[in-house]
Amino acid sequence: MHDVPTYDPAAVEETWQARWVERHTNEPDLDRPARPFFNLMMFPYPSAEGLHVGNMFAFTGADIFGRFQRLQGHDVFEPMGFDAFGIHSENYALSVGTHPGKLIPRNIDTFRRQLRRFGGMFDWRHELSTTDPAYYKWTQWLFLQLFNAKLAYKKRAAVNWCPKDKTVLANEQVINGRCERCDTPVEQRSLDQWFFKITEYAERLLRNLDTLDWSDSTLALQRNWIGKSEGAELVFRTPAGQAITVFTTRPDTVFGATYLVLAPEHPLVEALTAAEQRADVRAYQRQVQSKDVVSRRVGDREKTGVFLGSYARNPATGDAVPIWIGDYVLMEYGTGAIMAVPAHDDRDHEFATQFKLPIRQVVRVEGETLPFVSEDGLLMNSGRFDGRPCRDGGREIVAWLAAQQVATPRVQYRLHDWCISRQRYWGPPIPIIYCDRCGPVGVPERDLPVLLPPFEDFRPDDSGVSPLARHTEWYNVPCPQCSAPGRRETDVSDTFLDSSWYYLRYPSTEFDDRPFDPDRTRTWLPVTTYIGGNEHAVLHLLYSRFITMVLKDQGRVSFEEPFPKLRAHGLIVKDGAKMSKSRGNVVIPDAYIKQWGADTFRMYLMFLGPFQEGGDFRDEGITGVRRFLEKVWALAHEAVRTADGRLPEAVERKLHQTIRKVTTDTATLGYNTAIAAMMEYVNVIREHGAGSRGAMRPLILMLAPYAPHLAEELWVLLGGTGRSVFDERWPSYDERLAEAGDVEIAVQVNGKLRARLALPRGASQDDVVARALAEEGVKKFVDGNPVKKVVYVQDRLVNLVV
RNA sequence: GCCCGGGUGGCGAAAUCGGUAGACGCAAGGGACUUAAAAUCCCUUGGGGGCAACCCCAUGCAGGUUCGAGUCCUGCCCCGGGCACCA
C-alpha cells in the first residue's frame, strides 16, 4: 500500500468554500436559466443560541436535494434568509438588556457563518432578512393590497391575550389554552384588531389540497385545521317572536331536540331572560367570564349552565323547549347556539342528565343503547320521517323546514379570520393612518416603508396598546388624503405575515421598486420543491397559500399554490429524548463540525434515520461515517496510481446497482439507504482491490451532494478539470449490467425456506423445479410425496406444496 | 374522543405491487499487526438446540386470508405528533 496523505477535512472544506465564493459556483443565472429549479427550505429564525442541530438536519437534507438536482442538469437556485422579526427576539433582547435592532444583526452574522461552514449551496447574493426595511417595505405593501381589496378589516374582538408577553395571540398561537411561547394561561380581552379574511378562502384552501404533492400528514393537518362541517341552520322561535338560530350537523335529529343552549355571551341572552332568572343568569355570566381560557376549554369539563326561564318552539315537533345558557357552547363557532339532542350527543346527554332535562330517542341502531351518536341508523319518533335512514331523512327534514323558512343548509368551517395585529415593538408597523374625517387610510406606496423607529423604550406594557403608542412624535402625522391631523396605527404585524411571501422575494431581492419582478417570478415560481418541518404545517403554509391566492386574484402572480411539492422532514432527538436546554442534551453543531468536519457531520445526520421521519442523534454513530469517508479518500488516492482497466465483473455489477439505488433514493429523500448503498459499494471495491478511476469517479459524483467538499477535492485528484464537480453530470447506469450474473432463487417446501439455488437469470420453471428437487435439504422434506402444486416467481422463488 | 405517523436484534435502522427478515452502521467478543497502545485489517454476533450437516422459534398482542404475511383483513395494547366541549 502506498502512502496516502491524511484526510484533513478542515483544510479541504476551507479551500473549497473559498473557491465556491471566488468562482460563483452557487450563483445560477436568474434571468436566463435553461432548467430553473427553485430549491426552497424554510428560513430560520436567527436565535441568539445560533443554528441548532435541527436546523442543520433540515438544511442538509434540503441541500443534498438541491445539489442532486444540480447534477441532474438543473439551474438550482437555493437561497437563504432570516425570519428575524417577532416576539421571540424581542423577549430575548429584553431579558439580556439589549435592543433587538442590535441583537439581530449579530445573530444573523453567526448564522451566516455557520451556514457557510456546513457547506450549503446557498446563493448569498439573494440573502434576505424580514427586518430589513427593503424587505418589510413590501410586507407593508402586501398589507395594503389586502386592505384595498377589503380583505383586511378592523374589529373589536374577544382575543387571546397573553399576560406575560403582553400581546394578542392568533388562535394558532394558543396551545391548550396557553401561550405557545411562554406557556402562560391565555386570558380573554376585548380589543380592536386587524384581521385578514382568510375564511373567505376556506373552501379554496381546502379544495386545492387535492392538487398538491405534499405528504399525507401535512395534508391531514391542514384539512383538520380548516375543519369543514356540513349541516344546517335551524330557527327556533319564542312565543314573543324572537328567532334563535342554531347550527347543527345532524338536522335528522331535530325531533330529539328537547332544549336549547346558548353561549353565555350570546347577544340574545339578555332579551330571553325571564325576570325571576335574571340574578342567576348574571351571576353565571360573571362566573364564566372570570374563568381563564384554560379551565373553560380544557380543564374542568363538568357541565354547568343556567335556565333562562323562557321557551322556544321546536320547528319540527312544535313543542316548547326550555332555553339555557352553558359555557360548553362557544360563541366563536356556528351561531353560538345549539339545539340539544341528549339522546344522540354525549355532551348534551351529560348536560341533560345533570339538569334533569328530557331525553328523546329519535334514531334506532341495532344493539346501541342511549346515548349514541351513530348516523348509521333509522329515524324514529320523528313523525312522517320515521323509518328513514339518518342521512336521507336529514336532507328531507331540511327541505321540509326550509319550505317553512326555518332551515337553511349551511357549511361551517373551524378556521377563523387571521388576526394579524400585535401590540408589540419588533415588527413592521401596520401602514395605516387614522383620520377623523377619512377614517383609516392606507399609507401611500411612495411613503413606504413606514420605518420602525429605533426607540430604546420598546418594553410592552399592560395597556393593550403597542409601545409605539407612547411616542407622539412618531405617530402624529397628517392624513395622506386630506392633510388634517392624523394618527398612525401603532400596532405592528404578525411575523407570519413576514414569512407568508418571502419565497416571492428571493429571486427579486435586488429590485427596490417592486416586491417581486414579473419576469423573475414567471421564471422561478412556483417553488419547485419546498422542504421544511411539520411544525409549520398549519400556520405558515396555510397563510402562504392564502396570500398567494389573493395575489393571484389580483393578477399579480399566475399561480395560486406557491408550493406544489412539499416534503416534511422529521424531528431529531438526542439519545431518545427531545432536545432541550433543561435536559442539557442540546447538540451544538459547531463542535461536531470542528471535530469531524462538515462532510462527516452532514452524512451522519442523514444516516441516522429516514430524513422524513427524523432520528436519534448518538455520538457513537458518527465514527462509522467518518471511517467510510476515510476509505473513500484512501481508495481515490490509490486509484490515481492504478492503471485503469475493465472493472471486475462483480464490481461493475455492484456499481450499476449502486447508481440505480442511489439515484432513486436521493430523488425520494431516502438518504439513509442511499448512503448505505454507497458503503456497500465501497466494501465491494475493497474486497476486490479494485480502487481504480473507473470505479471511483461515479462514486465521487454520487457522493457529491452528501459530502460536497470531499467530492470536489477527489474529483480534481481523479482528473476532473472543470471548475466544480457540480458542473458535471450525475452518472447513469446500465440496467443489463446491474442485472448481470446469477440470481439466487429461494426454494420453499410448504412455504418454508429449505434451500437456495444460484442460477442464471431467466431459468425456466421446469429447470428450477428439477434442480430444487435434487437438493438434499429439499428431498428430505418432500420425502417422496407427490408435489401437489408449484408456485414459481421468476428469478426469485419456487414453492413446492406437498 | 377524532385525525395522522409508528412498534423489527444490545443500539440506530433495512426489507412493504405479499415472495430468502435483520442490508448498512454502531457497540460488544475473538484474532492479526505492534515493545505497548491508538489506528488499521480479519472473524463472530436475533433467541434456543445439536459435535456437526442442520433443526426449531422469532417483526407489539390475539385471530383470519394465502402455497407463502413484518407487509393484507378484523379486534386489541403501547409510543410519538396534531385537533379538541367545533354542535
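Reminder, nothing fancy here: chain letters follow the sequence lines and each chain counts from 1. Note that the structure is predicted; figures quoted are calculated from it, not measured.
Among the nucleotides B/A21, B/C4, B/A87, the one closest to the side chain of A/Leu753 is B/A21. Of the candidates B/C26, B/C24, B/A87, B/A87 carries the atom nearest the A/Thr249 side chain, counting heavy atoms from C-beta on. Checking B/C83, B/C4, B/C85 against every side-chain atom of A/Lys303, the shortest atom distance belongs to B/C85. Of the listed nucleotides (B/A87, B/A13, B/A23), B/A87 has the atom at the smallest distance from the side chain of A/Leu330. In this structure, of B/A87, B/A15, B/C83, it is B/A15 that holds the atom nearest to the side chain of A/Thr673. Distances from the side chain of A/Arg627 to the nucleotides B/A87, B/C26, B/G19 place B/C26 closest. For A/Phe247, the side-chain atoms get nearest to B/A87 when compared with the rest of B/G19, B/A87, B/A23.
Within 4.0 Å of A/Lys752, counting heavy atoms only, lie sugar-phosphate atoms of the nucleic acid but no base atom. Contacts of A/Val801 with the nucleic acid, taken as non-hydrogen atoms under 4.0 Å apart, involve only primed sugar atoms and P, OP1 or OP2. Within 4.0 Å of A/Lys631, counting heavy atoms only, lie sugar-phosphate atoms of the nucleic acid but no base atom. Among the protein residues, A/Glu744 comes within range of the nucleic acid bases, having at least one heavy atom under 4.0 Å from a base atom. Within 4.0 Å (heavy atoms only), A/Arg756 reaches at least one base atom of the nucleic acid. At a threshold of 4.0 angstrom between heavy atoms, the contacts of A/Tyr413 with the nucleic acid are absent. Among the protein residues, A/Thr218 comes within range of no part of the nucleic acid, since none of its heavy atoms lies under 4.0 Å from any strand.
Nucleotide B/U59 forms no Watson-Crick or G-U wobble pair with any nucleotide shown, as no partner meets the under 3.5 Å limit on both distances. Under the Watson-Crick and G-U wobble criteria, each requiring two contacts below 3.5 Å, nucleotide B/G1 is paired to B/C83. Base pairing of B/C24 is made with B/G12, judged by Watson-Crick or G-U wobble geometry with both donor-acceptor distances under 3.5 Å. In a base pair of the Watson-Crick type (N1 to N3 plus N6-O4 or O6-N4) or a G-U wobble (N1-O2 and O6-N3), with each distance short of 3.5 Å, B/U40 is matched with B/A32.
When the side-chain nitrogen and oxygen atoms of A/Arg250 are compared with OP1 and OP2 of B/A87, none of them lie within a distance under 4.0 Å. Within the structure, every side-chain polar atom (N or O) of A/Arg618 is placed at least 4.0 Å from both OP1 and OP2 of B/G25. Not one side-chain nitrogen or oxygen of A/Arg754 sits closer than 4.0 Å to the OP1 or OP2 atom of B/U20. Distances shorter than 4.0 Å separate some side-chain N or O of A/Asn683 from OP1 or OP2 on B/G25. Contact between the side-chain N/O atoms of A/Ser217 and the OP1/OP2 oxygens of B/G82 is not found at any separation under 4.0 Å. In this structure, A/Asn672 reaches the B/A14 phosphate: one of its side-chain N or O atoms is under 4.0 Å from OP1 or OP2. Contact annotation: A/Arg223 does not reach the phosphate of B/C83 (side-chain N/O to OP1 or OP2, under 4.0 Å). Contact check, A/Arg686 against B/C41: a side-chain N or O comes under 4.0 Å of OP1 or OP2.
Computed from coordinates, the A/Arg626 CZ to B/U40 P distance equals 10 Å when rounded to whole Å. When the C1' atom of B/U20 is taken as reference, atom CG of A/Asp742 falls 16 Å away, rounded to whole Å. For A/Leu797 and B/G19, the CG to C1' distance is 5 Å, given to the nearest whole Å. Taking atom CG of residue A/Asp616 and atom C1' of nucleotide B/A27, one finds them 14 Å apart after rounding to whole Å. If you take CG of A/Leu260 and P of B/A87, they are 17 Å apart, rounded to a whole angstrom. Look at CD on A/Glu620: it is 13 Å from C1' on B/A28, rounded to the nearest Å. Protein atom CG of A/Asp619 is 18 Å distant from nucleotide atom P of B/C11, rounded to whole Å. In this structure, A/Phe607 atom CZ and B/A27 atom C1' are separated by 14 Å, rounded to whole Å.
In this structure, A/Lys661 and A/Thr248 both approach RNA chain B, and ranking their closest nucleotides by distance from the 5' end singles out A/Lys661.
Residue side chain A/Lys788 does not reach the base of B/C67 through any donor-acceptor N/O pair under 3.5 Å, judged by distance alone. With hydrogens and angles left out, the side chain of A/Glu613 and the base of B/G6 share no donor-acceptor pair within 3.5 Å. Interface remark: the A/Asn224 side chain does not form any donor-acceptor pair with the B/C83 base, using a distance-only criterion of under 3.5 Å.
For the P atom pair drawn from B/C83 and B/A14, the interatomic distance equals 27 Å after rounding to whole Å. The gap from the C1' atom of B/A69 to that of B/U20 amounts to 14 Å, rounded to the nearest Å. For the P atom pair drawn from B/C17 and B/C3, the interatomic distance equals 26 Å after rounding to whole Å. To the nearest whole angstrom, the two P atoms, one in B/U34 and one in B/G22, are 38 Å apart. Nucleotides B/G6 and B/C72 are separated by 10 Å at their P atoms, to the nearest Å. To the nearest whole angstrom, the two P atoms, one in B/G25 and one in B/U40, are 13 Å apart. When the C1' atom is compared between B/G50 and B/U59, the two are found 26 Å apart, to the nearest whole Å. B/U71 and B/G19 have their C1' atoms separated by 11 Å, with the value rounded to a whole Å.
Side-chain atoms of A/Asn799 and A/Lys789, non-hydrogen and from C-beta on, never get closer than 4.5 Å to each other.
Between A/Pro589 and A/Phe601, the shortest heavy-atom contact is CB-CE2, 3.8 Å. Taking every heavy atom of both residues into account, A/Val662 and A/Thr666 meet most closely at O-OG1, 2.6 Å.
Using a 30° and 60° split on the angle between ring planes, A/His637 and A/Trp633 fall in the tilted class, from 30° to 60°. Taking the six-membered ring where the residue is Trp, A/Tyr328 and A/Phe351 present tilted rings, their angle falling between 30° and 60°. The aromatic rings of A/Trp324 and A/Phe355 sit tilted, their planes meeting at an angle between 30° and 60°.
Between A/His344 and A/Phe372, the gap from one ring centroid to the other is short of 6.0 Å. Taking the ring centroids of A/Phe617 and A/Tyr592, they lie under the 6.0 Å cut-off.
Of the candidates A/Phe57, A/Tyr706, A/Phe607, A/Tyr706 is the only one forming a ring-ring contact (aromatic ring centres under 6.0 Å, His included) with A/Tyr671. Each of A/Arg686, A/Lys661, A/Lys654 was evaluated against A/Glu680; a single residue qualifies, A/Lys654, per the salt bridge (Lys or Arg N to Asp or Glu O under 4.0 Å) test.
With its glycosidic angle within 90° of 0, B/G9 is assigned syn.
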